[in-house]
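Here is the structure we will look at.
Counting convention: from 1, in listed order, for ligands and their atoms alike. Note that this is a predicted model, so its numbers are computed, not measured.
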Amino acid sequence: MSSASSCCCRASSLSASARRRSAALSRSKDSTVPKLAFCAGAKPTSLTTTTTTTSYSSSFSRRGGRGSAVLRKCDYNVAKRNKNAIITRAHNANDATATATGTGGGHHLTSKEELLKGQTKTPIKGNTGILEDLEDYVASKTKNRNVYVETYGCQMNANDSEVMMSVLNDNGFTETKDIHDANVILINTCAIRDKAEAKIWQRLAYFRSLGKPKKKAERPVVGVLGCMAERLKTQLLEADQLADIVAGPDAYRDLPNLIDTVQNTGSKSMNVQLSVEETYADVIPVRPDGTHSAFVTIMRGCDNCCTFCIVPYTRGQERSRDLASILYEVRVLSEQGVKEVTLLGQNVNSYYVDTNKSEDFLSSLKEGNIVGNNSIEAILNINNAREELNMKNAAGLAGEDPTKFNGYAAGFQSRYDAGRKREGKVQFAELLDRVAQIDPEMRIRFTSPHPKDFPDDVLNVIRDRPNVCKCLHMPAQSGSTATLERMRRGYSREAYLDLVKHVKEVIPDCAITTDIISGFCGETENDHKDTVSLMNIVGYEQAFMFAYSEREGTAAARHLEDDVPEDVKQNRLAEVIEAFRTQAQKKQEEEIGSVHCVLIEGPSKKNDDEWTGKTDSSKWVVFDNTKKYGEYNGGDEDEGDAKHALKAGDYIAVQVTGCSTGTLFGKCLGKTTLMAFQAIHGSQRVAPKNFAAAAR
Ligand code: SAM
Ligand code: SF4
């Protein structure tokens with residue numbers, strides 16, 4: 001074990017009382033500071049490590065595993081060239097050869113270490129002396145701590161920003177919504193398409209312009225985080241000089257240290273290490289107050305390597321988050337009144353995990369070492385978490401032996417041996433089932449899945465748990481087998497269509513959504529027609545459609561020619577969108593007269609007298625918010641005693657009276673609950689009877 005991690009283990013076992021007392025000092029995370037004190041007391045090694053990162057890892061010593069132990073050669077060379085760049089080492093306490101600092105090598109003391117080293121004349125023993133150090137330490141941390149965050153890209157990025165803010169809050173930073181008030185500006189980025197990146201370049205230029213009139217030391221520190229940071233690394237720091245910090249998606253724990261480095265030394269700092277183990281399992285994201293919809297990331301990275309996709313390069317290898325930590329977080333959300341949880345992952349349904357890891361999380365929980373946990377400590381305790389973990393899969397929906405790998409959906413393959421990895425582990429079907437059992441009034445969704453990972457055990461859980469939404473995202477990418485082969489997707493058009501048919505048989509009312517790429521390398525007019533015909537056959541409820549954007553470093557960029565001219569790509573994309581819209585409009589019209597259990601999201605943006613909400617199938621519904629309603633009894637009219645004023649987070653029965661392509665319009669039939677609606681109708685949607693649509 002490295003000196004850093006053993007040091008932190010000691011600290012965590014001694015920290016309980018100091019933590020309680022230091023909590024009164026500041027919002028600065030109680031468990032962090034005492035640990036730093038002990039880190040400072042430990043003998044420095046000759047390694048370049050960042051104490052901020054290791055300070056969180058007392059119970060997660062395997063986090064800095066194999067994959068994170070290699071400083072990429074290119075980064076090392078850049079560090080040698082650029083004397084001002086300090087490349088910090090987030091997860092590598094064992095790799096002495098990879099040290100790279102622009103300030104002379106050896107053990108680079110972070111600002112916190114320096115601070116504590118200066119103050120701590122004698123090594124700290126036990127708890128004595130900690131509080132005095134803490135007071136000075138906390139006092140020194142009250143300046144330059146306003147952080148402005150902007151997030152681009154997918155829901156995972158949104159959730160990553162919440163994780164990042166939790167880590168920063170724990171280190172005394174506060175979020176500001178006013179960019180002019182910020183000492184630190186962070187932009188969480190997406191690299192999936194060129195367009196996404198173009199917007200970020202524009203924003204970076206604007207951020208830089210904000211600092212221009214000020215002295216260098218007073219200018220806000222600008223940090224680029226996430227996928228684009230991982231992809232472009234030093235270009236952002238060096239050539240373009242638009243950022244002071246570059247941090248990849250596995251480096252959020254290191255952010256306080258990276259910021260300190262820039263603020264205290266004026267040097268630029270970077271951590272783009274990808275980890276094979278980082279899942280932020282012990283970080284409770286900062287969510288907006290009163291939220292009733294939340295994201296919970298359950299896995300990260302991707303092992304599939306579709307030829308067009310940058311994700312495996314920017315997000316690293318697939319790794320799943322510990323089961324107990326997921327169940328714990330969902331339980332916390334349920335206690336806080338959250339009504340909808342979306343499980344997230346780049347390949348969310350590839351989830352598998354060895355439950356032995358849960359012991360790490362549970363002991364971390366016992367010691368109070370959960371980042372961002374302050375507000376919920378009172379609600380939950382270790383016993384709840386253990387109970388949840390040990391809970392029997394009550395109805396056995398995930399199969400008799402849920403740890404048996406049941407293969408992919410019929411006709412689907414992958415480039416890796418999933419059986420070897422997943423056999424004997426908790427897999428997605430069981431996870432979904434366990435999560436669904438936590439609170440039957442909480443809707444569960446998940447994204448983004450790969451269609452190969454929809455074997456029957458997963459479909460059965462979706463069918464049989466009323467609170468798992470009957471809405472499947474099945475990214476097709478193309479309707480042409482030849483294109484799918486070039487994309488290395490692992491299925492043919494026929495296998496995909498068979499799976500759609502099978503899903504509809506198992507879950508008859510299931511809405512299906514998709515992602516499509518138009519104009520991929522080598523796509524012919526016939527390939528394109530196959531995609532248009534796929535859109536017409538399936539009739540997707542929602543679709544995310546893109547023109548192919550070549551991404552440097554992907555297999556397609558290296559081996560295939562981006563040979564479909566831009567105007568052809570755009571025309572084809574327009575035709576695909578048109579096919580989608582035509583089918584979606586038909587589907588919307590078929591909804592008229594149907595009754596849905598709707599979760600109220602909030603007031604409509606266009607009209608204060610209307611609510612917006614979402615059906616189980618993820619369709620937007622707009623309806624009146626001026627009245628009170630009685631309990632829904634299954635009838636067509638609101639015959640209740642009209643005593644309930646509605647609010648965001650309530651379930652309401654809504655009958656659809658009209659539609660546009662993207663929105664349903666309806667009238668309220670009464671207040672309900674997810675279980676009550678299910679008990680009356682046996683599902684979350686009632687098909688239309690004879691119904692005359694209202695003009696809209
Ligand atoms: N894991 C999911 C799957 O297997 O389909 C998809 C997740 S991916 C992060 C999100 C979507 O971005 C993809 O489904 C694809 O449609 C789109 N995408 C990815 N790379 C792209 C590229 N180079 N050009 C255009 N769209 C792309
Ligand atoms: Fe990208 Fe999804 Fe393919 Fe992974 S499975 S490489 S995330 S498209």
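Residue Phe308 has at least one heavy-atom neighbour below 4.0 Å for each of these atoms of ligand 2: 8 (S). Of all the atoms in ligand 1, the ones that sit under 4.0 Å from a non-hydrogen atom of Arg551 are 23 (N). Within ligand 2, the atoms closer than 4.0 Å to a non-hydrogen atom of His450 are 5 (S), numbered from 1 in the order shown. Near Pro312, meaning under 4.0 Å from any of its heavy atoms, are these atoms of ligand 2: 6 (S). Atoms of ligand 1 lying under 4.0 Å from any heavy atom of His450, numbered from 1 in the order shown and given with element: 4 (O). With ligand atoms numbered from 1 in the order given, ligand 1 contributes 9 (C) to contacts under 4.0 Å with heavy atoms of Val311. Atoms of ligand 1 lying under 4.0 Å from at least one heavy atom of Ala547, given by number and element, are 25 (C). Of all the atoms in ligand 2, the ones that sit under 4.0 Å from a non-hydrogen atom of Asn347 are 4 (Fe), 5 (S).
Distances shorter than 4.0 angstrom occur between a heavy atom of Arg489 and an atom of ligand 2.
Rounding to the nearest 0.5 Å gives a distance of 4.0 Å between CG of Asp254 and CG of Leu258. Distance check, rounded to the nearest 0.5 Å: OG1 of Thr297 to CD of Gln155 gives 9.5 Å.
The shortest non-hydrogen separation linking Leu333 to Arg287 is CD2-NH1, 3.3 Å.
No side-chain N or O of Asn157 forms a donor-acceptor pair with one of Thr151 less than 3.5 Å apart. Under the 3.5 Å distance criterion, with hydrogens and angles disregarded, no donor-acceptor pair is assigned to the side chains of Arg551 and Thr314.
For atom 15 (C) of ligand 1, the nearest non-hydrogen atom of the protein is Gln477 OE1, 3.4 Å. Taking atom 5 (S) of ligand 2 as the reference point, the nearest protein heavy-atom neighbour is Asn304 ND2, 3.4 Å. The protein heavy atom nearest to atom 10 (C) of ligand 1 is Asp515 OD2, 3.9 Å. Counting protein heavy atoms only, atom 1 (Fe) of ligand 2 is closest to Cys309 SG, 2.3 Å. Looking only at protein heavy atoms, the nearest one to atom 3 (Fe) of ligand 2 is Cys306 SG, 2.3 Å. At the top of the distance list for atom 4 (Fe) of ligand 2, counting protein heavy atoms only, stands Cys302 SG, 2.2 Å. If you check which protein heavy atom lies closest to atom 17 (C) of ligand 1, you get Arg193 NH1, 3.4 Å. Ranking protein heavy atoms by distance to atom 22 (C) of ligand 1, first place goes to Ser549 O, 3.6 Å.
Judged by distance alone, the side chain of Thr307 and the main-chain N or O of Arg486 form a donor-acceptor pair under 3.5 Å. A side-chain donor-acceptor contact under 3.5 Å links Asn159 to the backbone of Phe295. In this structure, Ser480 contributes its side chain and Asp530 its backbone to no donor-acceptor pair below 3.5 Å. Here the side chain of Arg319 pairs a donor or acceptor atom with the backbone of Glu278 at under 3.5 angstrom.
Aromatic ring orientation, Phe446 versus Phe454: tilted (interplanar angle from 30° to 60°). Tyr496 and Tyr540 have tilted rings, their planes meeting at an angle from 30° to 60° on a 0 to 90° scale. Taking the six-membered ring where tryptophan is involved, the planes of Tyr280 and Tyr252 are essentially parallel, since the angle between them stays under 30° and well short of 60°.
Remark: ligand 1 and Glu550 share no N or O pair separated by less than 3.5 Å (distance only, no angle test).
In summary, Cys305 places no N/O/S atom under 2.8 Å from atom 4 (Fe) of ligand 2, failing the contact criterion.
When the options Cys154, Ser350, Ser448 are ranked by their closest heavy atom to atom 6 (C) of ligand 1, first place goes to Ser448. When the heavy atoms of Arg489, Gln346, Met545 are ranked by distance to atom 3 (C) of ligand 1, first place goes to Arg489.
For the pairing with Val246, the side chain to side chain contact (heavy atoms under 4.5 Å, CB included) check across Thr234, Leu225, Val272 returns one residue only, Val272.
For Phe308, heavy-atom contacts with ligand 1 shorter than 4.0 Å involve the backbone as well as the side chain. Under 4.0 angstrom from ligand 1, the non-hydrogen atoms of Ile192 come from both its backbone and its side chain.
With salt bridges taken as basic N to acidic carboxylate O contacts below 4.0 Å, none links Asp509 and Lys470.
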